[in-house]
Amino acid sequence: MNINLPNFNVKNLIKEAGHSLSRAVQLTEEKLGTTERTEYDQEFQTLAENADASRMWTEKIVKDTESVLVPNPQNRVEDFIFEKIDKSKPQRLSNLEHLAMDMIEAGGEFGQDLLYGQALIKVGQAEQKLGRCERDFIGSATVCFTHPLRAFLEGEMKIVTKDRGLLESKRLDLDACKSRVKKARSMLGQPTKDGLSPETALEQAERDLRVAQSEFDRQSDITKSLLQGLNSSHSDHLKHLYAFVQTQLCYYKKCNEVMNQLQRELIDLGVSEDIDLRDVDNEIQSLNCETYVKHVQQNQNPKTSSEMKRARVLCSYDAKDHTELTLITNEVIFVSECSPPHTDYMYGKQGLLQGLVPRAFLEMLDEGES
């Protein structure tokens, strides 16, 4: 069987294989320090390091942002595929929208003549609005933030990476020429070999070196110019970052408006007549405070009284719940900053009792505290 492959040349194949082998040997010798290596100047190295950092962190930020916008990794892969084949992404219901549909359906099942049924429908409709707000936010954030950053990675950064690879190839060619010149000089004075005198071999090697040096310098200038241009791209990234913040701010503002409207509608339905809203608010406040205290206790390094600061209680204070300490006027307790810090509270120790104490009720006694 005869196989005819177009543009197939055995000599070219052997030449390429030999070139690749020479490259591998050259790189190995450089790593072992047995051959000289042309080093880039300090400015170039700094620019290259900045470019690597820019690429790495941009990739991470894009990936993390996409994970926030579309938490389901399978959906992200699906969206990526549809984007690559230039087709519109499938419309999916978010978890909020699924919840909304079930609430509305449940409200209809329980009956709109019952307060609970009406409330379910109202809440379901609000969740639908939140779902639309979320969808708008995802779309806007993608357009104003992740798409521009990804375009930077696939555009400017890819060009820079390609040119840096080409420069490295020119650098290897240059060092290979330097090695040939060095070898040719060492052959001076020896008999002619293969019909080529050592002087002629040296002249040819020096000519190749000048050409290689010229090509390396030219590519070095081009690559350095591209690397310098990356610095200006950070200004564009800053603009996109600000747009992302504005989009997020608008999203949370709309969500806040939806929930405030829902709260008013539930009160108008007469929810407050069936339940005591104050009890609900107090319970939520207590849970929030308890969560904070647990977080403080988990992150607070165990401290003895000698490591904490003394404070005098200015006015008696009754603890609102079990997360706080009850204070008596003029008693001295030990306190420290919460971790994370809290603007209104400090972490107090009263004998064997520990908990939050209001900052406004304290006068610090130890020096260096205010």
Side-chain angles (χ1 to χ4, degrees), residues 57 60-61 64-65 67-68 71 123 126 130 133-134 137 141 238 241-242 244-264 266-267 271-272 274-370:
W57 286 111
K60 286 187 176 182
I61 290 172
D64 292 343
T65 305
S67 298
V68 170
V123 174
L130 291 177
C133 290
E134 182 184 44
F137 166 63
L238 179 60
L241 179 63
Y242 182 77
F244 175 68
V245 171
Q246 289 297 102
T247 301
Q248 207 168 17
L249 177 64
C250 182
Y251 167 59
Y252 287 122
K253 181 180 179 181
K254 288 180 179 178
C255 291
N256 185 56
E257 291 172 356
V258 170
M259 296 312 295
N260 284 331
Q261 178 64 28
L262 174 61
Q263 186 183 48
R264 290 191 293 269
L266 291 177
I267 292 175
V271 172
S272 58
D274 277 33
I275 60 175
D276 191 336
L277 299 182
R278 289 174 300 180
D279 289 343
V280 176
D281 291 338
N282 290 336
E283 182 178 353
I284 293 174
Q285 185 177 2
S286 175
L287 287 173
N288 290 339
C289 190
E290 183 176 359
T291 302
Y292 183 81
V293 170
K294 286 181 179 178
H295 181 68
V296 168
Q297 291 174 340
Q298 289 172 357
N299 291 277
Q300 186 81 25
N301 293 328
K303 295 181 180 180
T304 64
S305 297
S306 61
E307 294 175 311
M308 303 175 76
K309 304 298 182 181
R310 295 178 304 145
R312 177 184 288 112
V313 177
L314 298 174
C315 182
S316 296
Y317 175 79
D318 292 328
K320 295 178 181 178
D321 52 53
H322 65 280
T323 64
E324 298 183 355
L325 295 178
T326 295
L327 306 176
I328 302 174
T329 305
N330 290 327
E331 76 169 317
V332 176
I333 63 173
F334 292 93
V335 296
S336 66
E337 290 291 342
C338 296
S339 178
H342 196 291
T343 55
D344 298 324
Y345 288 91
M346 297 188 74
Y347 193 73
K349 188 172 182 181
Q350 190 182 54
L352 298 177
L353 300 178
Q354 298 183 42
L356 294 177
V357 291
R359 197 182 289 268
F361 284 71
L362 302 175
E363 176 189 8
M364 302 304 300
L365 298 177
D366 291 332
E367 294 182 1
E369 296 291 333
S370 57

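Just so you know, these numbers come straight off a predicted model, no measurement behind them. Below, all heavy atoms of this structure are taken into account, side chains as well, without hydrogens, waters or symmetry copies.
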Shortest non-hydrogen contact between Leu314 and Ala360, atoms and distance:
CD1-O, 4.0 Å
All heavy atoms of Met308 vs all of Phe334, minimum pair found to be CE-O, 3.7 Å
Given Ser316, which of Asn330, Leu327, Thr329 fulfils the side chain to side chain contact (heavy atoms under 4.5 Å, CB included) condition?
Thr329
Got Leu262 and Val123 here, is their nearest side-chain heavy-atom distance under 4.5 Å?
yes
pair Lys254-Phe137: side-chain heavy atoms closer than 4.5 Å
no
Would you mind reporting whether Leu362 and Ile333 have side-chain heavy atoms less than 4.5 Å apart?
yes
Thr323 side, atom OG1; Tyr345 side, atom OH - distance, nearest 0.5 Å
7.5 Å
Locate the shortest heavy-atom distance separating Tyr317 from Leu325; write the atom from each residue and the value.
CD2-O, 3.6 Å
Nearest 0.5 angstrom please: Thr65 OG1 to Lys60 NZ, how far?
13.5 Å
Under a 4.5 Å cut-off applied to non-hydrogen side-chain atoms, are Gln350 and Glu331 in contact?
yes
Donor-acceptor contact present, side-chain Glu324 to main-chain Pro358, <3.5 Å:
no
Working to the nearest 0.5 Å, report the span between CE of Met259 and CG of Leu266.
8.5 Å
Donor-acceptor pair, distance only, cut-off 3.5 Å: does the side chain of Asn256 make one with the backbone of Tyr252?
no
What are the two closest non-hydrogen atoms of Cys338 and Met346, and how far apart are they?
SG-C, 3.7 Å
Let's go through Arg359 and Glu337 carefully: what are the C-alpha distance in whole Å and the side-chain angles of both, what is the deciding distance for side-chain contact (heavy atoms from CB on, under 4.5 Å) to 0.1 Å, and is it a yes or a no?
CA-CA 10 Å; Arg359 197 182 289 268; Glu337 290 291 342; 2.9 Å; yes
